[in-house]
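As the structure lists them, so they are numbered: ligands from 1, and atoms in each ligand from 1. What you see is a predicted model, and the numbers here were worked out from it, not measured in a lab.
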Amino acid sequence: MKIAIIGPGAMGLFFAARLQESGQEVWLLDYRPERTAHLKQHALRLITLDGEDRDYYLNVVYEAHAIGPCDLTLVTVKAHQTEAAAAQLPLLMADGGVALTLQNGIGNLETMAAVVGPERLLAGVTTLGVTLLEIGRIRHAGQGPVLIGRPPGALVTDETLRLIVEVFRGAGLDCRETADIMAAVWDKLLINVGINSVTALTRLRNGQLLIAPEAWRVASAAVQEAWQTALASGVKPSPEPLSRMRQVCQATANNRSSMLQDVLAKRQTEIDAINGQIVRLGITLQVATPINALLTDLIKALELGLVSGATNVISE
Ligand SMILES: NC(=O)C1=CN([C@@H]2O[C@H](COP(=O)(O)OP(=O)(O)OC[C@H]3O[C@@H](n4cnc5c(N)ncnc54)[C@H](OP(=O)(O)O)[C@@H]3O)[C@@H](O)[C@H]2O)C=CC1
Ligand SMILES: CC(C)(CO)C(=O)C(=O)O
């Protein structure tokens, strides 16, 4: 299968390495010429779960027309980068080709559908963890399944969906087809709604949320609001989101959430696709979401200082 992957970050590099190793034709699309040159010249180093180093030479380009039409295009950029990534889809998707988002949060599918329509889109969700250590160096940090399914409006055939699942399995990944991908997307979203912004604001590691009652109270309240929003929108996530959040905090106790990592690295966060989407949906569906609104505002204010450099109004 010819596969394009938009976004040579933690996820994109990981899937590129594993899929190429399993015999697929993989092309990574970057948008930064210097990084593309580096990735072309140097092997990607993947540190496996067992601590082994593996090197991969990948096909990396920064212009979509150099790749041409593909059977499958993976979108592995951060949520605020989806619009620019989606603009490349018409060049990358063959007739009958499919695009699959493996991103966190919600809203990415809609952004992609605005460019290519919903018919040839698939959604995926994964709890595997990959850390970008530096350009071209990643660590596989946690095992987890990849669930793939047809979101509303998708007309991807059973045969194509099964073929894609098989391609991921062939790469040694625990990949499964799911009949209700939106429930799976929301299951992950509910966890991110509780953990990400609260850890980013408090700088606590995931496990520390369990021993900080004030932080846990805020995270739980955000999840309760999101749960009500999911139900009002007709989605049916798995029950007991708070006990699932507790389990994730235990299982990833020593992790810094991706949003905390973004804040520490002074990068824009995915707040708009996580708590921000709960607020937007809450307005439409008339569900009160004051805690999510507050968390979104606080993270946006934090980002303003970090990303634009609007700090240091008061100098020492
Ligand atoms: N890492 C993980 O363990 C997991 C991540 N996810 C989700 O997967 C998504 C990707 O995460 P992750 O890989 O960690 O993120 P990264 O920031 O590591 O990777 C995204 C990459 O895409 C690049 N990019 C941005 N815009 C474009 C574009 N227009 N064309 C080509 N490349 C582009 C970015 O460049 P630049 O460096 O310039 O920003 C960056 O290299 C997120 O939604 C995340 O929440 C889900 C589960 C696990
Ligand atoms: C599951 C969790 C919270 C793990 O850190 C995550 O998905 C993230 O950090 O974005």
Side-chain angles (χ1 to χ4, degrees), residues 4-16 27-36 38-39 60-64 67 73-89 91-92 100-109 111 123-147 185 187-200 204-209 219 223 244-263 265-274 307:
I5 301 182
I6 311 179
M11 293 282 276
L13 290 167
F14 176 77
F15 284 112
W27 292 86
L28 262 170
L29 180 64
D30 198 349
Y31 72 115
R32 293 182 185 270
E34 324 76 51
R35 184 170 57 195
T36 306
H38 181 96
L39 290 169
V60 193
V61 297
Y62 69 93
E63 283 174 327
I67 299 176
T73 302
L74 305 187
V75 177
T76 57
V77 300
K78 288 284 177 71
H80 55 272
Q81 300 169 323
T82 306
E83 199 175 339
Q88 306 300 321
L89 290 176
L91 284 167
L92 294 171
L100 164 65
T101 162
L102 290 166
Q103 301 160 280
N104 277 338
I106 53 175
N108 298 301
L109 279 166
T111 305
V125 63
T126 182
T127 47
L128 63 77
V130 187
T131 309
L132 183 69
L133 302 170
E134 59 186 317
I135 293 177
R137 205 162 142 259
I138 54 172
R139 175 182 289 123
H140 186 189
Q143 199 73 272
V146 181
L147 300 177
V185 167
D187 280 351
K188 179 95 193 269
L189 179 71
L190 287 166
I191 303 295
N192 294 133
V193 157
I195 297 178
N196 291 29
S197 54
V198 176
T199 52
L204 294 173
R205 288 177 190 256
N206 295 353
Q208 291 174 308
L209 275 186
V223 172
R244 284 189 292 112
M245 176 164 72
R246 184 178 295 282
Q247 282 161 16
V248 172
C249 285
Q250 280 159 352
T252 63
N254 210 29
N255 279 18
R256 290 191 175 95
S257 76
S258 57
M259 198 170 289
L260 174 54
Q261 289 183 43
D262 285 337
V263 164
K266 300 190 182 346
R267 289 188 300 248
Q268 192 175 339
T269 72
E270 294 187 296
I271 189 72
D272 280 328
I274 302 176
V307 180

Distance from [atom] to nearest protein heavy atom, with residue and atom:
{"atom": "atom 1 (C) of ligand 2", "value": "Val248 CG1, 3.8 Å"}
{"atom": "atom 6 (C) of ligand 2", "value": "Asn192 ND2, 3.3 Å"}
{"atom": "atom 3 (C) of ligand 2", "value": "Asn196 OD1, 3.5 Å"}
{"atom": "atom 5 (O) of ligand 2", "value": "Asn206 ND2, 2.9 Å"}

Given Ala251, Ser258, Gly105, which one has a non-hydrogen atom that is nearest to atom 9 (O) of ligand 2?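 Nearest heavy atom to atom 9 (O) of ligand 2 lies in Ser258.
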Please tabulate protein-ligand N/O pairs under 3.5 Å for ligand 1, atom names and distances to 0.1 Å.
from, atom 1, to, atom 2, distance (Å)
ligand 1, 1 (N), Val130, O, 3.0
ligand 1, 3 (O), Val130, N, 2.8
ligand 1, 3 (O), Val130, O, 3.3
ligand 1, 13 (O), Ala10, N, 3.3
ligand 1, 13 (O), Met11, N, 2.8
ligand 1, 18 (O), Ala10, N, 3.0
ligand 1, 35 (O), Arg35, NH2, 2.9
ligand 1, 37 (O), Arg35, NH1, 2.7
ligand 1, 38 (O), Tyr31, OH, 2.4
ligand 1, 38 (O), Arg32, NE, 2.7
ligand 1, 38 (O), Arg32, NH2, 2.7
ligand 1, 39 (O), Gln81, NE2, 2.8
ligand 1, 41 (O), Arg35, NH1, 3.3
ligand 1, 41 (O), Arg35, NH2, 3.4
ligand 1, 43 (O), Asn104, N, 3.1
ligand 1, 43 (O), Glu270, OE2, 2.7
ligand 1, 45 (O), Asn104, ND2, 3.0
ligand 1, 45 (O), Glu270, OE1, 2.6

Examine distances only and state if a side-chain atom of [X] and a backbone atom of [Y] form a donor-acceptor pair shorter than 3.5 Å.
{"X": "His80", "Y": "Thr82", "result": "no"}
{"X": "Lys188", "Y": "Thr126", "result": "yes"}
{"X": "Gln261", "Y": "Arg256", "result": "yes"}
{"X": "Thr199", "Y": "Asn206", "result": "no"}

Ile271 CD1 to Asn192 CG distance, which is reported to the nearest 0.5 Å: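 So the CD1 of Ile271 and the CG of Asn192 are separated by 10.5 Å.
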Measuring from Arg244:CZ to Asp187:CG, what's the distance to the nearest 0.5 Å? 4.0 Å
Side chains of Gln88 and Thr73, heavy atoms from C-beta outward: is any pair under 4.5 Å?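 Side chain of Gln88 against side chain of Thr73, heavy atoms only: no contact under 4.5 Å found.
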With a 4.5 Å heavy-atom cut-off, do Leu29 and Val61 have their side chains touching? yes
For residues Thr101 and Asn108, is any side-chain donor paired with an opposing acceptor at under 3.5 Å? no
Mode of Met259 contact toward ligand 2 - side chain, backbone, both, neither (heavy atoms, under 4.0 Å): neither
I'd like to check whether Arg256 has a polar contact with ligand 2, where a contact means an N/O of the residue lying under 3.5 Å from an N/O of the ligand. no
Indicate yes or no: does an N/O atom of Ser257 lie under 3.5 Å from an N/O atom of ligand 2? no
Under the salt bridge (charged side-chain N to carboxylate O under 4.0 Å, His left out) rule, collect the residues that match up with Arg205, sequence neighbours excluded. none
Would you mind running through ligand 2 and noting each atom that sits below 4.0 Å from a heavy atom of Lys188? 7 (O)
